[in-house]
Each structure stands twice: as C-alpha cells, then as structure tokens.
Amino acid sequence: TFTANLLVQLYGRCGCPEIARQTFDGIRARNSFSWNILMAANAQNGHLENAKSVFDKMPERDVVTWTAMMASFAERGDLFRPKQLFDSMPERNVVSWNVLVGAYAQQDQLESSKGAFFRMPCHSIVSWNSMLTAYAQGQKIDRASEFFESMPQRDAISWNIAISTLAQTGDLLKAKKLLDFMPAVGIVCWTAMVVVNGQLCQLEQAKTIFYSMPDRDDLAGTAMVTAFAQNGDVDSAKAVFDAMPEHSVYAWNALLAAYALNSRSGCAMDIFATTRRTW
RNA sequence: CUACUGGACGAC
C-alpha cells in the first residue's frame with residue numbers, strides 16, 4: 001500500500017490521473033492516504049468534479065481530505081464552497097485555516113482574511129506568509145510592510161513576498177533596501193528582481209542582477225530572455241537562451257515571444273515550426 | 001506515503 005500510494009501520487013504528478021486511478025483500483029488495502037492522494041491527483045490535473053466524486057465516495061474523511069478539497073476549490077477562485085467545507089468539517093487544523101485565509105485573499109476579501117487570521121487558534125509560518133500575501137494582493141503595501149515587521153518569525157518566503165511586493169509597486173529603492181537586510185538572498189528573490197527591473201525598463205539593473213546571481217536556473221534564464229526582449233534587445237535574449245543548459249517549453253515560448261515582440265516574425269515562425277507539441 | 005504561502009514564458 002505504502003509503495004502503491006507513491007505510485008498513484010507519481011502518476012498524478014505526471015499528469016496521468018487515469019493511470020493514477022487504475023493504480024489505485026489495484027490497491028487491495030487502501031488507506032486514507034490512498035484516497036487522499038487519488039483525490040489530489042484528480043484535482044491537480046484540473047478534474048475537480050472527479051476529485052469531488054472521490055471525496056463523496058471515500059469511506060472515511062480526515063482533516064487532510066477536507067482541507068485538500070477546500071484548497072482545490074479555492075484554487076479555482078471559488079470562495080463559497082471552501083467556506084462551506086470549512087464550516088462543515090468535523091475538525092480543523094492550522095492548514096485548514098491557512099487555506100481559508102488564502103481563499104479570501106484570492107477574492108480580494110482582505111478584511112475576511114484578517115478576520116480568519118486573527119481568529120485562528122495558532123499560526124504557522126505559512127499562516128503569517130499567507131496573511132502577508134493577502135495584504136500584498138489587497139494593495140495595502142504599507143500594511144504589508146508593517147505586518148512583515150511585526151512577524152514573530154520570517155523565512156525566505158516571507159522576505160521574498162515582502163521584497164517582491166515593494167518591487168512590483170515600482171518602489172525599487174525600498175525593495176533594494178530590504179534586500180540588503182535579507183539574510184541569504186536566494187534564486188527566487190533574484191529572479192523576481194530581474195523580472196521587475198526588466199518590466200520597469202531597468203535593463204542594466206536586470207542584467208547586473210542576472211549575471212551576479214550565485215546560480216541561475218531555467219526560470220531565471222527565461223526571465224532574463226523576457227527582460228531583454230521587452231527592452232528591444234533580441235540578440236542578447238537569444239544569447240541568454242543559448243547559454244541555458246536545458247530548454248523547457250517555457251524557455252522556447254519566451255524566445256518565441258521575444259521574436260514576436262520585436263517584429264522578427266520569421267524567426268518566431270521558425271521556432272514554432274521546429275519545436276514539437278508537448279500536449 | 002497525502003492537504004496550505006514566494007520567482008519565469010505563453011494563453012485566457
């Protein structure tokens with residue numbers, strides 16, 4: 001069962017919910033993990049109705065079941081059903097509350113997010129980060145900064161949220177100041193900085209950040225390709241692309257968009273013609 | 001072994 005569960009999960013992650021289902025059907029001694037994983041495999045591949053029917057059919061539901069179902073609806077922008085599930089679940093844990101905070105935030109109900117956050121019996125670092133994100137999404141930048149300052153703990157994600165929030169509002173100066181205080185700036189944060197600098201026509205800054213980053217991954221490379229493209233430098237975009245060790249669909253899309261944006265439709269068409277469909 | 005928060009392209 002243990003191993004079979006892993007297999008179900010694997011198929012779910014690979015975008016094969018049908019095979020996940022078949023594997024699940026072959027498990028003799030299913031446990032709550034098996035059911036929860038099957039449900040997630042459907043939800044994560046967009047088959048929300050299938051996920052719901054698994055939810056309805058399962059013999060036992062635990063707090064993970066209820067919370068995962070809430071999260072799946074919330075991800076689709078539904079607020080009503082997550083609320084309903086939250087109210088009817090037999091028990092809630094900190095994750096359930098976190099999902100609720102996020103569900104409100106996603107529907108721009110900042111006050112409700114706050115209400116839930118301050119009503120929850122205990123907070124995890126994810127709770128704090130979710131609330132910080134809620135302020136950011138509600139465009140309450142000053143509030144977000146205050147909240148960030150008041151947090152009892154901060155992890156790399158908290159810093160990334162705070163810095164990106166400032167940067168995305170165009171306040172690169174404040175963002176940089178905060179960046180100087182961040183204990184260990186990682187690839188996620190650097191990439192976010194490349195993106196905003198590119199968007200704000202700060203190509204030199206974007207370049208400097210990109211080339212001084214301690215390491216670069218595919219996401220960072222894709223971001224830099226786009227930053228060059230947005231600022232009219234297709235050749236440099238191509239150079240960054242060529243320097244990337246691997247080319248994902250995302251990277252190809254970025255290069256294609258780079259050509260399209262800079263009126264090099266011939267090159268764009270070439271890429272379109274030579275890449276293969278991934279679906 | 002399962003559920004919640006942060007970075008890239010495109011589409012909407």
S.K.: Whole Å only: how far is the CG atom of A/L48 from the C1' atom of B/rA3?
M.R.: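 So the two atoms are 14 Å apart, to the nearest Å.
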S.K.: Among all residues two or more places apart in sequence or in another chain, which pass the salt bridge (Lys or Arg N to Asp or Glu O under 4.0 Å) test with A/R154?
M.R.: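 So A/R154 forms no salt bridge (Lys or Arg N to Asp or Glu O under 4.0 Å) with any residue.
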S.K.: Which residues, if any, of residues 75-85 of chain A bring a heavy atom under 4.0 Å of RNA chain B?
M.R.: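 By residue number: none to list.
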S.K.: Under 4.5 Å between side-chain heavy atoms, counting indirect links through other Ile/Leu/Val/Met/Phe/Trp/Tyr residues: same cluster for A/L219 and A/M213 or not?
M.R.: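 Not linked; separate clusters.
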S.K.: Just how far, in rounded Å, is C1' of B/rA3 from CZ of A/F33?
M.R.: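 From A/F33 CZ to B/rA3 C1': 11 Å.
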S.K.: Which atom names give the shortest non-hydrogen contact between A/V101 and A/A116, and what distance separates them?
M.R.: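 Closest heavy-atom pair between A/V101 and A/A116: CG2-CB, 3.9 Å.
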S.K.: Are any of the side-chain nitrogens in A/E18 or A/R21 under 4.0 Å away from the carboxylate oxygens of its partner?
M.R.: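 No, this pair does not count.
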S.K.: Do A/I187 and A/I161 share a hydrophobic cluster (ILVMFWY, side-chain heavy atoms under 4.5 Å, transitive)?
M.R.: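 Linked within one cluster.
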S.K.: Side-chain polar contacts of residues 130-137 of chain A - donor-acceptor pairs under 3.5 angstrom, sequence neighbours left out - could you list them?
M.R.:
{"from": "A/S130", "atom 1": "OG", "to": "A/V126", "atom 2": "O", "distance (Å)": "2.8"}
{"from": "A/T133", "atom 1": "OG1", "to": "A/N129", "atom 2": "O", "distance (Å)": "2.9"}

S.K.: By a strict heavy-atom criterion of less than 4.0 Å, which residues belonging to residues 1-14 of chain A are in contact with RNA chain B?
M.R.: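 RNA chain B contact set from residues 1-14 of chain A: A/F2, A/N5, A/L6, A/Q9.
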S.K.: To the nearest angstrom, how far is A/R61 atom CZ from B/rA3 atom P?
M.R.: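 After rounding, the gap between these two atoms is 19 Å.
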S.K.: Strictly distance-based, threshold 3.5 Å: is any side-chain N or O of A/H47 a donor or acceptor partner for the main-chain N or O of A/A41?
M.R.: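 Checked: no pair found.
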S.K.: Calculate the interatomic distance between A/N93 atom CG and B/rC4 atom C1'; express it in whole Å.
M.R.: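 These atoms are roughly 9 Å apart.
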S.K.: I'd like to know if A/E49 pairs up with A/K52 as an ion pair, taking the criterion as any Lys NZ or Arg NE/NH1/NH2 lying under 4.0 Å from an Asp or Glu carboxylate oxygen.
M.R.: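 Judged by the 4.0 Å cut-off on N to carboxylate O distance, A/E49 and A/K52 do not form a salt bridge.
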S.K.: Hey, what else clusters with A/I19 if you join Ile, Leu, Val, Met, Phe, Trp, Tyr whenever side-chain heavy atoms sit under 4.5 Å?
M.R.: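 Other cluster members: A/L7, A/L10, A/Y11.
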S.K.: What orientation do A/F147 and A/F117 show, parallel under 30°, tilted 30 to 60°, or perpendicular over 60°?
M.R.: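 The arrangement is perpendicular - the two ring planes meet at more than 60°.
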S.K.: Tell me the interatomic distance from A/F24, atom CZ, to B/rU2, atom C1', rounded to whole angstroms.
M.R.: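 Atom CZ in A/F24 sits about 12 Å away from atom C1' in B/rU2.
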S.K.: Treat primed atoms plus P, OP1 and OP2 as sugar-phosphate and everything else as base, then score nucleotides 5-12 of chain B 5' to 3': B for base contact with protein heavy atoms under 4.0 Å, S for sugar-phosphate contact only, - for none.
M.R.: BBBBBS--
S.K.: Take atom NE2 of A/H123 and atom P of B/rC4, then tell me their distance rounded to the nearest Å.
M.R.: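 Computing the A/H123:NE2 to B/rC4:P distance gives 19 Å.
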S.K.: Is the shortest side-chain N to carboxylate O distance from A/R264 to A/D235 below 4.0 Å?
M.R.: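 The answer is yes: the pair qualifies as a salt bridge.
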